[in-house]
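Read the structure below first, then the notes.
Convention: sequence-line order gives letters A, B, ...; per-chain numbering from 1.
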There are 2 protein chains.
Amino acid sequence: MTPLIDRLRRRGWRMTPQRRVIAEAMTGEHVHMTADEVLRHAREVLPEVSRATVYNTLNEMVSIGELLEITHADGRKRYDPNVADHHHHLLCVECGRMLDVHVDDPALTADQQHGFHILGVEVTFRARCPECASAA
Amino acid sequence: MTPLIDRLRRRGWRMTPQRRVIAEAMTGEHVHMTADEVLRHAREVLPEVSRATVYNTLNEMVSIGELLEITHADGRKRYDPNVADHHHHLLCVECGRMLDVHVDDPALTADQQHGFHILGVEVTFRARCPECASAA
DNA sequence: CCTTAGATTAGACTCAGTCCAAGGTGAGAT
DNA sequence: ATCTCACCTTGGACTGAGTCTAATCTAAGG
Ligand SMILES: [Mn+2]
Ligand SMILES: [Mn+2]
Ligand SMILES: [Zn+2]
Ligand SMILES: [Zn+2]
């Protein structure tokens with residue numbers, strides 16, 4: 001898997017310091033940051049990055065398929081760089097931590113499809129993580 | 001299944017016209033309205049209902065388990081009165097229409113649980129409905 | 001009827017996310 | 001190496017869903 005930054009350059013993106021630091025934050029499995037978390041990470045390296053640029057960059061990466069956008073129950077969106085490896089999620093409902101999990105996609109029987117054309121399926125396991133369980 | 005209104009009264013809720021009209025809107029399968037849709041329905045019967053009361057009532061019904069809250073990708077929450085019958089969802093990504101579907105819950109193998117205590121699982125089929133498919 | 005705990009209300013407020021117009025800059029062309 | 005401009009970044013105004021509050025109202029038990 002080529003690094004995200006190389007793939008972006010190959011698509012003709014101008015490689016600015018802002019985009020570089022955002023792309024570097026968005027790497028790995030089990031990475032599911034909110035826009036504000038990405039902004040904080042980016043500012044540790046490049047303190048003057050603006051919120052608008054983080055939103056611009058994340059949205060563009062989502063629209064070209066280099067990031068997945070996950071809508072969390074708390075309303076804020078999360079961004080997931082793990083697009084190469086189809087997966088689902090395990091979510092701690094207390095602290096919001098989210099892990100990638102691999103499980104077979106469920107399928108709908110014909111009569112349950114109601115004539116819809118299925119595009120994909122999302123599975124989220126709601127759970128309590130070991131840290132939150134022991135804190136309770 | 002006793003009607004929602006009776007269950008609410010039995011819990012000691014004061015039965016006001018506002019609550020009655022909101023509870024009447026929240027009945028049936030395949031019902032997944034936003035707060036604003038509930039408000040519009042309520043105002044057709046009782047024009048002076050306030051937005052605050054709709055939000056108060058929906059949130060209270062969710063917290064006592066008489067409604068499910070579904071966070072849609074567009075950010076707005078949907079409210080689902082079908083709590084008696086465990087089910088999952090089939091969502092048209094174009095028009096947002098959402099149907100109840102019945103499919104076996106997927107399960108995580110022990111090594112995929114990462115030590116989490118699983119509370120439940122949500123499955124959403126992303127799809128295009130027949131109306132949106134023919135419009136395209 | 002009275003009474004009052006609980007319900008309703010308008011509008012101010014919060015917070016994530018979008019939009020805009022002005023100024024800045026990466027990188028291809030010379 | 002410098003020029004150029006299409007593209008990028010920025011602060012701040014704006015939007016829209018949802019929450020909060022303080023004043024007013026009312027369902028229902030005695
Ligand atoms: Mn993931
Ligand atoms: Mn449903
Ligand atoms: Zn946790
Ligand atoms: Zn549709």
Side-chain angles (χ1 to χ4, degrees), chain A residues 5-26 32-43 45-64 66-80 96, chain B residues 4-6 8-26 32-43 45-64 66-80 96:
Chain A
I5 290 175
D6 294 347
R7 295 203 303 281
L8 294 173
R9 206 200 312 275
R10 214 164 301 142
R11 286 176 185 272
W13 278 37
R14 280 197 200 163
M15 203 37 62
T16 66
Q18 293 86 344
R19 286 175 169 181
R20 201 182 314 275
V21 69
I22 292 167
E24 272 159 9
M26 300 307 290
H32 306 102
M33 279 190 275
T34 64
D36 262 7
E37 287 168 344
V38 175
L39 178 60
R40 280 196 290 100
H41 274 250
R43 282 189 170 161
V45 178
L46 197 69
E48 67 279 17
V49 183
S50 77
R51 245 169 40 93
T53 294
V54 169
Y55 276 107
N56 288 343
T57 305
L58 291 174
N59 284 337
E60 285 159 8
M61 289 182 181
V62 169
S63 71
I64 63 177
E66 292 286 357
L67 288 183
L68 297 173
E69 193 179 77
I70 302 169
T71 304
H72 189 283
D74 71 3
R76 291 177 300 175
K77 293 175 183 165
R78 314 284 163 138
Y79 296 91
D80 185 340
Chain B
L4 176 55
I5 291 175
D6 294 346
L8 294 173
R9 205 199 314 274
R10 214 163 301 142
R11 285 176 186 272
W13 277 36
R14 279 201 201 161
M15 203 37 63
T16 66
Q18 292 86 343
R19 285 175 170 181
R20 202 183 311 276
V21 69
I22 292 167
E24 270 158 11
M26 299 307 290
H32 307 102
M33 280 190 275
T34 64
D36 263 6
E37 287 167 344
V38 176
L39 178 59
R40 280 196 291 98
H41 274 249
R43 282 190 170 160
V45 179
L46 197 68
E48 67 278 19
V49 183
S50 77
R51 245 166 42 92
T53 294
V54 169
Y55 276 106
N56 288 343
T57 305
L58 291 174
N59 283 338
E60 285 159 8
M61 288 182 183
V62 169
S63 71
I64 64 177
E66 291 286 357
L67 288 183
L68 297 172
E69 192 178 76
I70 303 169
T71 305
H72 189 281
D74 71 4
R76 290 177 301 174
K77 293 175 182 164
R78 315 284 164 139
Y79 296 90
D80 186 341

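- In this structure, A/Tyr55 reaches the C/dG17 phosphate: one of its side-chain N or O atoms is under 4.0 Å from OP1 or OP2.
- Remark: the A/Arg51 side chain and the C/dG17 base include a donor-acceptor N/O pair separated by less than 3.5 Å.
- At a threshold of 4.5 Å between non-hydrogen side-chain atoms, the residues B/Arg9 and B/Arg20 count as touching.
- With rounding to the nearest 0.5 angstrom, the OG1 atom of B/Thr71 is 12.5 Å from the CZ atom of A/Arg76.
- The closest side-chain heavy-atom distance from B/Thr57 to B/Tyr79 is not below 4.5 Å.
- Chain B approaches DNA chain D over the interval D/dA17 to D/dA28, counting the first and last nucleotide 5' to 3' with an atom under 4.0 Å from its heavy atoms.
- Mapped onto DNA chain D by nearest heavy atom, A/Ala52 and B/Asn56 fall at different nucleotides, with A/Ala52 at the one closer to the 5' end.
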Between A/Glu60 and A/Arg19, does the salt bridge (charged side-chain N to carboxylate O under 4.0 Å, His left out) criterion hold? Intermediate values first, please. CA-CA 11 Å; A/Glu60 285 159 8; A/Arg19 286 175 169 181; 3.3 Å; yes

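- Residue B/Arg19 places its side chain closer to C/dA7 than to any other of C/dA7, C/dT9, C/dG17.
- Between A/Glu66 and A/Met26 the shortest side-chain heavy-atom distance does not fall below 4.5 Å.
- Taking atom CZ of residue B/Arg43 and atom C1' of nucleotide C/dT9, one finds them 11 Å apart after rounding to whole Å.
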With 3.5 Å as the limit, what N/O pairs link the protein to nucleotides 25-28 of chain C?
unit_1	atom_1	unit_2	atom_2	d
C/dT25	O2	A/Arg14	NH1	3.4
C/dG26	N2	A/Arg14	NH2	3.3
C/dA27	OP1	A/Met15	N	2.8

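- What you find for A/Ala23 and A/Leu8 is that their closest heavy atoms are CB-CD1, 4.2 Å.
- A/Glu69 has its side chain within reach of A/Asn59: a pair of non-hydrogen atoms, C-beta onward, lies under 4.5 Å apart.
- Checking the phosphate oxygens (OP1, OP2) of C/dT9, a side-chain nitrogen or oxygen of B/Thr53 falls inside 4.0 Å.
- The backbone N or O of A/Val49 sits less than 3.5 Å from a side-chain atom of A/Arg43, completing a donor-acceptor pair.
- The shortest side-chain heavy-atom distance between B/Trp13 and B/Met61 falls under the 4.5 Å cut-off.
- At C/dT18, one or more side-chain N or O atoms of A/Asn59 fall inside 4.0 Å of OP1 or OP2 (strictly under the cut-off).
- Distance B/Met61 CE to C/dA7 P: 12 Å, rounded to the nearest Å.
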